[in-house]
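Small disclaimer: the values here were computed from a predicted structure and weren't measured. Positions are given from 1, in the same order as the sequence printed here.
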Amino acid sequence: MNKKTLILLFLIPCIVVLFISFTSLAKTDADKIYSQTQKKWTQSQTIGDAFSVKAVFWNPELVQAWVAKYGAENLLSLEEQTAYHRDFIQRERFQRYLVFDVTIEKLTGPALFPLNFTKNTYLIDDQGNKYYLLEFPREFDDKIFDKVSGKMYFSRIGKNDQPIVGPDTKKITLHFSHLSIEPSYVAQNVELIWKDPYIPPDYTQVSWQPELEEEILRLQERIILLEAEKKELIENQKLIESEIENVKNKIEELQANLKQ
(Lines give C-alpha, C1' and ligand atoms only; values in the text may rest on other atoms or scores of the structure.)
Protein backbone atom coordinates (compact mmCIF):
# COMPACT_ATOMS: atom_id res chain seq x y z
CA MET A 1 0.00 0.00 0.00
CA ASN A 2 1.59 3.28 -1.11
CA LYS A 3 1.76 6.53 0.84
CA LYS A 4 -1.03 8.27 -1.14
CA THR A 5 -3.42 5.42 -0.46
CA LEU A 6 -2.65 5.54 3.26
CA ILE A 7 -3.24 9.30 3.37
CA LEU A 8 -6.51 8.87 1.47
CA LEU A 9 -7.67 6.14 3.84
CA PHE A 10 -6.88 8.42 6.75
CA LEU A 11 -8.58 11.49 5.26
CA ILE A 12 -11.87 9.85 4.27
CA PRO A 13 -12.97 9.06 7.85
CA CYS A 14 -11.88 12.53 8.94
CA ILE A 15 -13.98 14.13 6.19
CA VAL A 16 -16.96 11.97 7.11
CA VAL A 17 -16.60 12.90 10.80
CA LEU A 18 -16.32 16.61 9.90
CA PHE A 19 -19.38 16.39 7.65
CA ILE A 20 -21.43 14.66 10.35
CA SER A 21 -20.24 17.19 12.95
CA PHE A 22 -21.07 20.11 10.67
CA THR A 23 -24.51 18.68 9.87
CA SER A 24 -25.20 18.01 13.54
CA LEU A 25 -24.11 21.53 14.46
CA ALA A 26 -26.30 23.07 11.74
CA LYS A 27 -29.26 21.01 12.92
CA THR A 28 -28.66 22.04 16.54
CA ASP A 29 -28.46 25.72 15.57
CA ALA A 30 -31.63 25.48 13.48
CA ASP A 31 -33.45 23.71 16.32
CA LYS A 32 -32.35 26.38 18.78
CA ILE A 33 -33.38 29.26 16.50
CA TYR A 34 -36.76 27.69 15.83
CA SER A 35 -37.36 27.04 19.53
CA GLN A 36 -36.47 30.63 20.42
CA THR A 37 -38.58 32.05 17.58
CA GLN A 38 -41.57 29.90 18.49
CA LYS A 39 -41.29 31.02 22.11
CA LYS A 40 -41.16 34.66 20.97
CA TRP A 41 -44.46 34.31 19.08
CA THR A 42 -46.26 32.17 21.67
CA GLN A 43 -48.68 33.61 24.21
CA SER A 44 -50.49 31.72 26.96
CA GLN A 45 -52.76 32.26 29.92
CA THR A 46 -53.81 29.96 32.77
CA ILE A 47 -57.14 30.44 34.51
CA GLY A 48 -56.84 29.32 38.14
CA ASP A 49 -56.13 25.62 38.25
CA ALA A 50 -58.95 24.85 35.80
CA PHE A 51 -57.60 25.36 32.29
CA SER A 52 -55.00 27.04 30.11
CA VAL A 53 -54.95 28.49 26.61
CA LYS A 54 -51.83 28.75 24.46
CA ALA A 55 -51.49 30.13 20.94
CA VAL A 56 -48.62 30.42 18.45
CA PHE A 57 -48.86 33.15 15.82
CA TRP A 58 -47.49 31.93 12.47
CA ASN A 59 -45.88 35.04 11.04
CA PRO A 60 -43.07 35.14 8.41
CA GLU A 61 -40.30 35.00 11.04
CA LEU A 62 -41.62 31.74 12.49
CA VAL A 63 -42.25 30.30 9.04
CA GLN A 64 -38.64 31.02 8.07
CA ALA A 65 -37.32 29.43 11.28
CA TRP A 66 -39.42 26.30 10.74
CA VAL A 67 -38.26 25.92 7.13
CA ALA A 68 -34.63 26.24 8.23
CA LYS A 69 -35.17 23.60 10.92
CA TYR A 70 -36.90 21.24 8.50
CA GLY A 71 -34.19 21.79 5.90
CA ALA A 72 -31.39 21.03 8.39
CA GLU A 73 -33.14 17.90 9.67
CA ASN A 74 -33.69 16.54 6.17
CA LEU A 75 -30.40 17.72 4.61
CA LEU A 76 -32.22 19.73 1.95
CA SER A 77 -30.29 21.64 -0.65
CA LEU A 78 -30.97 25.36 -1.03
CA GLU A 79 -33.17 24.67 -4.04
CA GLU A 80 -35.10 21.93 -2.19
CA GLN A 81 -35.54 24.17 0.85
CA THR A 82 -36.91 26.97 -1.33
CA ALA A 83 -39.38 24.56 -2.92
CA TYR A 84 -40.43 23.26 0.49
CA HIS A 85 -40.85 26.85 1.74
CA ARG A 86 -43.24 27.71 -1.11
CA ASP A 87 -45.17 24.48 -0.62
CA PHE A 88 -45.41 25.03 3.14
CA ILE A 89 -46.79 28.58 2.74
CA GLN A 90 -49.38 27.42 0.22
CA ARG A 91 -50.34 24.24 2.07
CA GLU A 92 -50.89 26.03 5.37
CA ARG A 93 -52.45 29.06 3.56
CA PHE A 94 -50.32 31.61 5.39
CA GLN A 95 -50.54 33.91 2.37
CA ARG A 96 -54.32 34.11 2.69
CA TYR A 97 -55.09 34.00 6.41
CA LEU A 98 -53.75 34.95 9.82
CA VAL A 99 -53.03 31.56 11.37
CA PHE A 100 -52.71 30.60 15.03
CA ASP A 101 -51.82 27.19 16.48
CA VAL A 102 -54.07 27.01 19.55
CA THR A 103 -54.10 24.55 22.46
CA ILE A 104 -56.83 24.57 25.10
CA GLU A 105 -56.08 22.24 28.00
CA LYS A 106 -58.21 21.22 30.95
CA LEU A 107 -56.02 21.06 34.05
CA THR A 108 -58.31 20.01 36.90
CA GLY A 109 -62.03 19.64 37.56
CA PRO A 110 -64.79 18.68 35.14
CA ALA A 111 -64.49 18.80 31.38
CA LEU A 112 -64.52 22.18 29.65
CA PHE A 113 -67.61 22.92 27.65
CA PRO A 114 -67.15 26.01 25.42
CA LEU A 115 -70.33 28.02 24.86
CA ASN A 116 -70.93 29.57 21.41
CA PHE A 117 -67.26 29.08 20.54
CA THR A 118 -67.52 30.81 17.15
CA LYS A 119 -69.19 33.83 18.77
CA ASN A 120 -66.89 34.07 21.79
CA THR A 121 -63.60 33.55 19.97
CA TYR A 122 -62.32 36.42 17.86
CA LEU A 123 -59.31 38.49 16.87
CA ILE A 124 -59.11 42.20 17.78
CA ASP A 125 -56.93 44.64 15.85
CA ASP A 126 -55.40 47.73 17.44
CA GLN A 127 -58.37 49.80 16.26
CA GLY A 128 -60.75 47.65 18.30
CA ASN A 129 -62.29 45.86 15.29
CA LYS A 130 -63.33 42.25 15.83
CA TYR A 131 -62.76 39.43 13.35
CA TYR A 132 -64.43 36.07 13.84
CA LEU A 133 -63.12 32.62 13.01
CA LEU A 134 -63.25 31.56 9.38
CA GLU A 135 -62.03 28.02 9.98
CA PHE A 136 -61.03 25.86 12.96
CA PRO A 137 -61.11 22.20 14.09
CA ARG A 138 -64.58 21.33 15.35
CA GLU A 139 -63.09 19.64 18.42
CA PHE A 140 -62.84 23.11 19.96
CA ASP A 141 -66.62 23.41 19.82
CA ASP A 142 -67.22 20.28 21.92
CA LYS A 143 -66.47 19.02 25.42
CA ILE A 144 -62.76 19.11 26.24
CA PHE A 145 -61.86 16.23 28.55
CA ASP A 146 -58.07 16.62 28.24
CA LYS A 147 -56.85 19.07 25.62
CA VAL A 148 -57.40 20.01 21.99
CA SER A 149 -54.97 21.58 19.54
CA GLY A 150 -55.26 22.87 16.02
CA LYS A 151 -54.92 25.78 13.64
CA MET A 152 -57.38 28.66 13.67
CA TYR A 153 -57.78 30.85 10.59
CA PHE A 154 -58.81 34.52 10.57
CA SER A 155 -59.15 37.05 7.79
CA ARG A 156 -55.89 38.71 6.81
CA ILE A 157 -57.71 41.83 5.60
CA GLY A 158 -59.29 44.37 7.94
CA LYS A 159 -62.35 46.62 7.83
CA ASN A 160 -60.55 49.25 5.76
CA ASP A 161 -59.52 46.71 3.08
CA GLN A 162 -55.95 46.78 4.39
CA PRO A 163 -54.02 43.92 6.03
CA ILE A 164 -54.87 43.60 9.74
CA VAL A 165 -51.18 43.12 10.53
CA GLY A 166 -49.17 45.82 8.79
CA PRO A 167 -46.11 48.03 9.43
CA ASP A 168 -48.10 50.36 11.72
CA THR A 169 -49.84 47.62 13.74
CA LYS A 170 -49.04 47.99 17.44
CA LYS A 171 -50.76 44.84 18.66
CA ILE A 172 -53.30 42.13 17.92
CA THR A 173 -55.35 40.28 20.54
CA LEU A 174 -56.79 36.76 20.38
CA HIS A 175 -59.87 36.66 22.63
CA PHE A 176 -61.58 33.62 24.20
CA SER A 177 -64.48 33.54 26.64
CA HIS A 178 -67.02 31.13 28.14
CA LEU A 179 -64.73 28.13 27.84
CA SER A 180 -66.02 26.60 31.07
CA ILE A 181 -69.55 26.25 32.44
CA GLU A 182 -68.34 26.19 36.05
CA PRO A 183 -69.88 29.21 37.83
CA SER A 184 -66.50 30.42 39.08
CA TYR A 185 -64.95 30.34 35.59
CA VAL A 186 -67.78 30.86 33.12
CA ALA A 187 -67.20 34.61 32.88
CA GLN A 188 -63.40 34.38 32.67
CA ASN A 189 -61.93 35.97 29.55
CA VAL A 190 -58.63 34.96 27.98
CA GLU A 191 -56.80 37.61 25.97
CA LEU A 192 -53.53 36.70 24.29
CA ILE A 193 -51.69 39.78 23.03
CA TRP A 194 -48.89 40.06 20.48
CA LYS A 195 -47.17 43.44 20.42
CA ASP A 196 -45.53 44.73 17.22
CA PRO A 197 -46.63 41.63 15.29
CA TYR A 198 -45.58 42.75 11.83
CA ILE A 199 -42.64 40.95 10.22
CA PRO A 200 -42.31 41.74 6.49
CA PRO A 201 -41.85 38.73 4.19
CA ASP A 202 -38.74 38.87 2.03
CA TYR A 203 -40.34 39.19 -1.37
CA THR A 204 -36.91 39.18 -3.04
CA GLN A 205 -36.80 35.45 -2.27
CA VAL A 206 -38.62 33.09 -4.62
CA SER A 207 -39.95 31.13 -1.63
CA TRP A 208 -42.10 34.10 -0.55
CA GLN A 209 -43.78 34.50 -3.94
CA PRO A 210 -47.07 32.89 -2.79
CA GLU A 211 -47.58 35.78 -0.35
CA LEU A 212 -46.64 38.31 -3.00
CA GLU A 213 -48.97 36.68 -5.54
CA GLU A 214 -51.82 36.76 -3.01
CA GLU A 215 -51.20 40.45 -2.26
CA ILE A 216 -51.16 41.28 -5.99
CA LEU A 217 -54.45 39.37 -6.43
CA ARG A 218 -56.00 41.24 -3.48
CA LEU A 219 -54.97 44.61 -4.92
CA GLN A 220 -56.28 43.68 -8.36
CA GLU A 221 -59.63 42.74 -6.81
CA ARG A 222 -59.56 46.04 -4.93
CA ILE A 223 -59.14 47.93 -8.22
CA ILE A 224 -62.16 46.10 -9.68
CA LEU A 225 -64.28 47.11 -6.67
CA LEU A 226 -63.09 50.72 -6.85
CA GLU A 227 -63.83 50.87 -10.58
CA ALA A 228 -67.36 49.59 -9.88
CA GLU A 229 -67.81 52.23 -7.16
CA LYS A 230 -66.48 54.89 -9.54
CA LYS A 231 -68.97 53.83 -12.23
CA GLU A 232 -71.81 53.96 -9.71
CA LEU A 233 -70.74 57.42 -8.54
CA ILE A 234 -70.61 58.68 -12.14
CA GLU A 235 -74.10 57.33 -12.78
CA ASN A 236 -75.36 58.94 -9.55
CA GLN A 237 -73.70 62.19 -10.54
CA LYS A 238 -75.52 62.12 -13.89
CA LEU A 239 -78.81 61.50 -12.13
CA ILE A 240 -78.16 64.41 -9.76
CA GLU A 241 -77.21 66.72 -12.64
CA SER A 242 -80.37 65.68 -14.48
CA GLU A 243 -82.44 66.38 -11.38
CA ILE A 244 -80.78 69.80 -10.97
CA GLU A 245 -81.65 70.59 -14.59
CA ASN A 246 -85.26 69.51 -14.01
CA VAL A 247 -85.52 71.72 -10.92
CA LYS A 248 -84.07 74.70 -12.81
CA ASN A 249 -86.59 74.18 -15.61
CA LYS A 250 -89.38 74.01 -13.05
CA ILE A 251 -88.19 77.27 -11.47
CA GLU A 252 -88.12 78.97 -14.89
CA GLU A 253 -91.63 77.67 -15.59
CA LEU A 254 -92.95 78.99 -12.28
CA GLN A 255 -91.22 82.33 -12.78
CA ALA A 256 -92.82 82.63 -16.23
CA ASN A 257 -96.26 81.94 -14.73
CA LEU A 258 -95.56 84.55 -12.03
CA LYS A 259 -95.01 87.27 -14.67
CA GLN A 260 -98.29 86.61 -16.41
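- Residue-environment remark: CD (E79) stays at or below the threshold of 12 foreign heavy atoms within 6.0 Å.
- Within 6.0 Å of CD on E241 lie more than 12 heavy atoms contributed by other residues, nucleotides or ligands.
- For F154 and Y122, the gap between ring centers reaches or exceeds 6.0 Å.
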Review point. Under the side-chain hydrogen bond (donor to acceptor under 3.5 Å, both in side chains) criterion, do W66 and Y84 qualify, and how do the steps go?
Key: CA-CA 11 Å; W66 164 256; Y84 173 77; 2.9 Å; yes
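- Annotation for Y131 and I157: closest pair CE2-O, 4.1 Å, computed over non-hydrogen atoms.
- The pair D126-K171 does not count as a salt bridge, with every side-chain nitrogen at least 4.0 angstrom from each carboxylate oxygen.
- Of all heavy-atom pairs between F117 and D141, the closest is CB-OD1, 3.3 Å.
- I199 and I33 fall into different hydrophobic clusters, where Ile, Leu, Val, Met, Phe, Trp and Tyr side chains are chained together by heavy-atom contacts under 4.5 Å.
- F136 carries R138 over the face of its six-membered ring, with the cationic atom under 6.0 Å from the centre and within 45° of the normal.
- Here the shortest heavy-atom pairing between Q64 and H85 reads OE1-CE1, 3.4 Å.
- A donor and an acceptor atom, one from each side chain of N129 and D125, are located under 3.5 Å apart.
- For the pair K106 and F51, the NZ or CZ position fails the cation-pi test of under 6.0 Å to the six-membered ring centre and within 45 degrees of the ring normal.
- A salt bridge does not link E135 to K151: none of the charged side-chain nitrogens sits closer than 4.0 Å to a carboxylate oxygen.
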Practice item. Mind running side chain to side chain contact (heavy atoms under 4.5 Å, CB included) on F57 and I172 for me, showing each step along the way? Key: CA-CA 10 Å; F57 174 40; I172 54 173; 4.2 Å; yes
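- Ion pairing of K40 with E61 is present here, as a side-chain N (NZ or NE/NH1/NH2) and a carboxylate O approach within less than 4.0 Å.
- Ion pairing between E227 and K231 fails under the 4.0 Å rule for side-chain N and carboxylate O.
- Shown here for V67 and F88, the closest heavy-atom pair between the two residues is CG2-CD2, 4.3 Å.
- Residue K170 places its NZ atom among 12 or fewer non-hydrogen atoms of other residues, nucleotides or ligands, all under 6.0 Å distant.
- Aromatic ring centres of Y153 and W58 lie farther apart than the 6.0 Å criterion allows.
- Donor-acceptor pairing under 3.5 Å is lacking for the side chains of S52 and T46.
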